[in-house]
Amino acid sequence: MTFKDTLLQQALELFKKNGIKQYTENDIAKALDVSQSTFNDFFKDKEDLLIQAVKMQTLLDRERQKQMLMKAENAMEELMMLVQDALESLKGVNPKYFAEIFEYPSIQKYSFGELENYSYPMIHNILNKGVQQGVFLRDINIAVVTRVIIENINVLLNTRVFPPEKYSLREVYRSIYLYYFRGLCSTEAIASAERLFTKSILA
């Protein structure tokens with residue numbers, strides 16, 4: 001990991017813990033223990049730092065998920081693993097972070113591209129595989145179900161619908177996805193799904 005990568009990781013951890021808006025570029029430089037000139041050498045401004053940090057984290061997430069999914073026995077377990085991984089990543093994240101990060105145009109554009117070009121094809125392929133394996137119902141509309149799974153991310157992060165002072169982000173995620181996934185399962189796969197739910201940290 002390069003020095004710049006370390007700065008990006010530390011900055012992202014800072015934002016996830018406390019939110020983004022409250023920090024000026026000078027505040028960030030002080031928190032990272034670098035001079036303002038060093039900060040300017042690496043980043044155009046706070047938004048540039050943020051988009052670079054998000055992109056770096058995305059690449060790390062992709063590689064982790066790739067290795068994780070190789071251990072799955074079937075498509076349903078792949079979906080469960082993805083949910084569990086996402087819930088783990090939410091641990092300790094201040095809800096302010098999600099409320100504030102999408103106010104940056106570059107983050108909105110990048111996140112939309114990731115959903116359309118990476119997340120959508122990945123989930124679509126998993127669902128298609130699951131139908132072929134017999135773990136998901138054969139009559140599901142894979143394209144529609146994929147879109148529902150992705151669009152529920154917007155529901156999850158909508159603080160108007162689920163204000164953080166009233167709802168745990170992890171519990172909302174669990175409620176949105178886990179029961180929906182179980183409803184996709186074929187009759188033959190329900191028992192297997194229940195066993196996965198039971199042994200999962202999400203149960």
Side-chain angles (χ1 to χ4, degrees), residues 12-13 16 54 57-95 97-99 101-102 107 110-138 140-159 161-164 166-203:
L12 195 58
E13 289 174 356
K16 286 183 176 182
V54 169
Q57 186 61 56
T58 297
L59 292 176
L60 294 173
D61 290 344
R62 283 190 185 187
E63 182 58 31
R64 185 185 66 254
Q65 290 171 357
K66 179 181 176 182
Q67 297 300 319
M68 175 184 68
L69 294 180
M70 290 174 63
K71 302 175 183 177
E73 294 183 2
N74 56 46
M76 195 269 294
E77 189 165 357
E78 288 185 53
L79 280 183
M80 288 289 295
M81 284 181 169
L82 287 175
V83 173
Q84 184 168 333
D85 182 66
L87 282 170
E88 284 297 306
S89 72
L90 292 176
K91 282 184 177 179
V93 178
N94 191 321
Y97 171 77
F98 294 109
I101 192 171
F102 294 113
I107 298 294
Y110 176 74
S111 298
F112 179 79
E114 278 296 298
L115 286 175
E116 292 300 311
N117 301 318
Y118 178 74
S119 299
Y120 184 95
M122 177 177 65
I123 295 172
H124 190 282
N125 289 339
I126 290 174
L127 290 170
N128 187 56
K129 185 195 307 182
V131 170
Q132 294 176 14
Q133 293 172 342
V135 297
F136 295 140
L137 298 170
R138 289 194 173 278
I140 66 171
N141 185 318
I142 295 177
V144 171
V145 171
T146 301
R147 186 61 63 189
V148 168
I149 291 172
I150 289 177
E151 288 304 315
N152 272 334
I153 294 173
N154 295 323
V155 177
L156 168 73
L157 299 178
N158 190 327
T159 55
V161 178
F162 296 110
K166 292 182 63 177
Y167 300 96
S168 160
L169 192 60
R170 283 170 57 82
E171 184 57 31
V172 173
Y173 200 115
R174 183 181 192 275
S175 298
I176 288 175
Y177 284 108
L178 295 192
Y179 308 120
Y180 183 72
F181 289 164
R182 184 164 51 187
L184 297 175
C185 291
S186 64
T187 303
E188 296 78 7
I190 290 292
S192 176
E194 293 295 343
R195 286 195 296 272
L196 280 175
F197 275 54
T198 300
K199 74 177 184 179
S200 169
I201 63 167
L202 308 176

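For the residue pair Glu88 and Gln84, no side-chain donor N or O sits within less than 3.5 Å of a side-chain acceptor on the partner.
Gln132 is linked by a side chain to side chain donor-acceptor pair (under 3.5 Å) to nothing, counting only residues two or more places apart in sequence or in another chain. Partners of Tyr120 by ring-ring contact (aromatic ring centres under 6.0 Å, His included), not counting sequence neighbours, listed by chain and number: His124.
To the nearest 0.5 angstrom, Ile142 atom CD1 is 4.0 Å from Asn128 atom CG. Note that CG of Leu79 and NZ of Lys129 are 9.5 Å apart. Values are rounded to the nearest 0.5 Å. A distance of 11.0 Å separates CD1 in Ile149 from OG in Ser119, rounded to the nearest 0.5 Å. Remark: Glu77 CD to Leu82 CG distance equals 11.0 Å, nearest 0.5 Å. Summarising the geometry, atom CE belonging to Met80 is positioned 12.5 Å from atom CG belonging to Asp85; distances are rounded to the nearest 0.5 Å. In this structure, OG in Ser168 is found 9.0 Å from CG in Leu90, a value given to the nearest 0.5 Å.
Pairing each heavy atom of Phe162 with each of Tyr167, the nearest pair is CA-CD1, 3.6 Å. Listed here is the closest heavy atom pair of Tyr173 and Ala86: OH-CB, 3.1 Å. Between Val135 and Ala75, the shortest heavy-atom contact is CG2-CB, 4.3 Å.
Using a distance-only test at 3.5 Å, with no hydrogens or angles considered, no donor-acceptor pair links the side chain of Asn94 to the main chain of Tyr97. Checking side-chain atoms of Asn117 against main-chain N and O of Gly113 turns up a donor-acceptor pair under 3.5 Å. In this structure, Ser186 contributes its side chain and Gly134 its backbone to a donor-acceptor pair below 3.5 Å. Using modelled atom types, no side-chain atom of Asn152 and backbone atom of Val155 make a donor-acceptor pair closer than 3.5 Å. The backbone N or O of Phe112 sits nowhere less than 3.5 Å from a side-chain atom of Glu116 that would complete a donor-acceptor pair.
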### Query
Does the pair Glu78 and Lys71 meet the rule for a salt bridge (Lys or Arg N to Asp or Glu O under 4.0 Å), with working shown?
CA-CA 9 Å; Glu78 288 185 53; Lys71 302 175 183 177; over 6 Å; no

### Task
Go through Phe136 and Val145 one step at a time and tell me if the side chain to side chain contact (heavy atoms under 4.5 Å, CB included) criterion holds.
CA-CA 11 Å; Phe136 295 140; Val145 171; over 6 Å; no

### Message
For Gln65 and Asp61: C-alpha separation, side-chain torsions, deciding distance, then whether side chain to side chain donor-acceptor pair (under 3.5 Å) applies.
### Response
CA-CA 6 Å; Gln65 290 171 357; Asp61 290 344; 5.7 Å; no

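Counting only heavy atoms from C-beta outward, the side chains of Leu184 and Leu137 never approach each other to under 4.5 Å.
Taking the six-membered ring for Trp, Phe98 and Phe102 have ring centres at least 6.0 Å apart.
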